[in-house]
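See structure below.
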Amino acid sequence: MLETCTAFIENDLYDVWSLLEQKAYQEAYRRYAPIWEDMLFICEEAAFLDFLEQQGPELEERPLRLHLAAWEKVCLEIGCYEGDVTEKLLHFLREDLPEKLLDRFEPSPVNVNIDELNGELDPQLKPWREQLEPWGCRLKVFFDDTYCAGVYFLFLEAPREW
């Protein structure tokens, strides 16, 4: 599951923990500003320092791992109110799937809005999964709402050899 991306982000995770443990908060902000903006909605160093002062430097590991994985492009991040993400999903799949599979693939529309009936991501991926699984591909979805209203992280497990 989430462990599939661990090797790709372990160094960054270690760096984040080390910087926070050493109280090198400004350096942690500078190095990982896109993560803090995405995960915590913090766009300034002062706001990051305020957050750490109020919440403490112990960040939840699971959301940090997921956001680092998205940052490293190991997975696709999809907001809970993004609307039509069909093209975004196709672009993500094009990175790892061969042309012969994509030529046969018939995507169904995917509209993500958790406040609407049938607006959650996972159930809408059923037709996608049905087409990908015979090729040995699996789509895994993780949801996290630790620091925000909610974000999906989509991982593609594909055979190494085509």
Side-chain angles (χ1 to χ4, degrees), residues 1-97 110 112-115 119-125 128-129 132-133 136-162:
M1 294 185 144
L2 185 54
E3 296 80 30
T4 59
C5 74
T6 299
F8 295 101
I9 59 153
E10 206 61 40
N11 288 339
D12 286 320
L13 185 65
Y14 176 78
D15 286 346
V16 168
W17 292 141
S18 293
L19 290 168
L20 294 176
E21 187 176 281
Q22 297 167 18
K23 299 183 190 239
Y25 302 144
Q26 292 173 323
E27 181 64 19
Y29 179 79
R30 280 188 223 117
R31 277 197 213 173
Y32 297 98
I35 298 296
W36 312 132
E37 183 175 340
D38 192 44
M39 186 172 89
L40 304 171
F41 301 99
I42 291 175
C43 300
E44 298 174 348
E45 185 177 306
F48 181 67
L49 297 174
D50 285 345
F51 172 85
L52 293 176
E53 184 178 310
Q54 292 175 14
Q55 303 294 321
E58 295 83 26
L59 298 172
E60 296 288 329
E61 183 174 349
R62 185 174 192 267
L64 183 56
R65 280 185 182 277
L66 289 167
H67 284 276
L68 285 168
W71 187 49
E72 293 286 348
K73 301 195 183 340
V74 174
C75 67
L76 178 64
E77 182 178 342
I78 300 171
C80 287
Y81 300 99
E82 241 180 271
D84 185 359
V85 295
T86 309
E87 284 303 314
K88 186 175 183 177
L89 288 167
L90 284 170
H91 180 74
F92 175 69
L93 293 179
R94 281 187 190 104
E95 299 292 320
D96 293 312
L97 299 180
V110 177
V112 178
N113 185 334
I114 62 169
D115 288 342
E120 293 182 10
L121 177 63
D122 211 24
Q124 294 183 67
L125 293 177
W128 293 57
R129 286 184 170 112
L132 293 171
E133 286 176 2
C137 301
R138 295 182 57 196
L139 294 174
K140 293 188 174 190
V141 176
F142 294 89
F143 176 79
D144 185 74
D145 62 354
T146 305
Y147 296 109
C148 62
V151 180
Y152 293 103
F153 297 89
L154 179 72
F155 291 82
L156 171 66
E157 288 184 0
R160 294 181 191 263
E161 301 285 329
W162 289 102

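Predicted model, so just to flag it, every value in this text is computed and none were measured.
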**Request:** May I ask you to test the Met39-Pro63 pair for a side-chain heavy-atom distance under 4.5 Å?
**Result:** yes
**Message:** Here's a test for you: under side-chain contact (heavy atoms from CB on, under 4.5 Å), which of Leu76, Leu154, Leu156 qualifies with Leu93?
**Reply:** Leu156
**Prompt:** Does the side chain of Thr146 reach to within under 4.5 Å of the side chain of Arg62, using non-hydrogen atoms?
**Reply:** no
**Shortest non-hydrogen contact between Asp144 and Cys148, atoms and distance** = O-SG, 4.2 Å
**Message:** Which heavy atom of Glu82 sits nearest to which heavy atom of Glu77, and what is that distance?
**Reply:** OE1-O, 4.1 Å
**Asked** Roughly how far, to the nearest 0.5 Å, is CG of Leu13 from CZ of Arg65?
**Response** 4.5 Å
**Min side-chain heavy-atom separation Gln22-Glu27 under 4.5 Å** = no
**Asked** Could you state the interatomic distance from CD1 (Ile114) to CZ (Phe143), rounded to the nearest 0.5 Å?
**Response** 5.0 Å
**Complete:** In short, Pro159 meets Cys137 closest at the heavy-atom pair CD-SG, 3.9 Å
**Item:** Student check: side-chain heavy atoms of Gln124 and Glu120 closer than 4.5 Å
**Value:** no
**Asked** Can you check whether Leu20 reaches Leu52 side chain to side chain, under 4.5 Å on heavy atoms?
**Response** yes
**Geometric class of the Tyr29/Phe48 ring pair [parallel <30°, tilted 30-60°, perpendicular >60°]** = tilted
**Complete:** Here the gap from Lys88 atom NZ to Phe92 atom CZ, rounded to the nearest 0.5 Å, amounts to 10.5 Å
**Message:** Counting C-beta onward and ignoring hydrogens, is there a side-chain heavy-atom pair between Arg129 and Lys140 closer than 4.5 Å?
**Reply:** no
**Asked** Does Leu132 reach the side chain of Leu97, with side-chain heavy atoms less than 4.5 Å apart?
**Response** yes
**Request:** Identify the residue among Val74, Asn11, Asp12, Asp15 that makes a side-chain contact (heavy atoms from CB on, under 4.5 Å) with Leu68.
**Result:** Asp12
**Spatial distance of atom CG (Leu89) from atom CG (Leu121) [nearest 0.5 Å]** = 6.5 Å
**Prompt:** Quick one: does Trp71's side chain have a donor or acceptor within less than 3.5 Å of a partner on Tyr32's backbone?
**Reply:** no
**Fill in**
So CD1 of Ile42 and CZ of Phe51: to nearest 0.5 Å the spacing works out to 5.5 Å
**Asked** Are the aromatic ring centres of Phe155 and Phe142 under 6.0 angstrom apart?
**Response** yes
**Request:** For the residue pair Tyr152 and Asp122, confirm or rule out a side-chain donor-acceptor distance under 3.5 Å.
**Result:** no
**Message:** Check whether Tyr147 reaches the backbone of Glu60 with its side chain - one donor and one acceptor, N or O, closer than 3.5 Å.
**Reply:** yes
**Prompt:** Take atom CZ in Arg138; do more than 12 heavy atoms of anything else shown fall under 6.0 Å from it?
**Reply:** no
**Request:** Might you point out which heavy atoms bring Trp36 and Ala28 nearest each other, and give the distance in Å?
**Result:** NE1-O, 3.0 Å
**Asked** So does Glu95 pair up with Lys73, basic N to acidic O under 4.0 Å?
**Response** no
**Asked** What distance do Glu37 atom CD and His67 atom NE2 have between them, rounded to the nearest 0.5 Å?
**Response** 12.0 Å
**Prompt:** Counting heavy atoms not belonging to Glu133, are there more than 12 under 6.0 Å from its CD?
**Reply:** yes
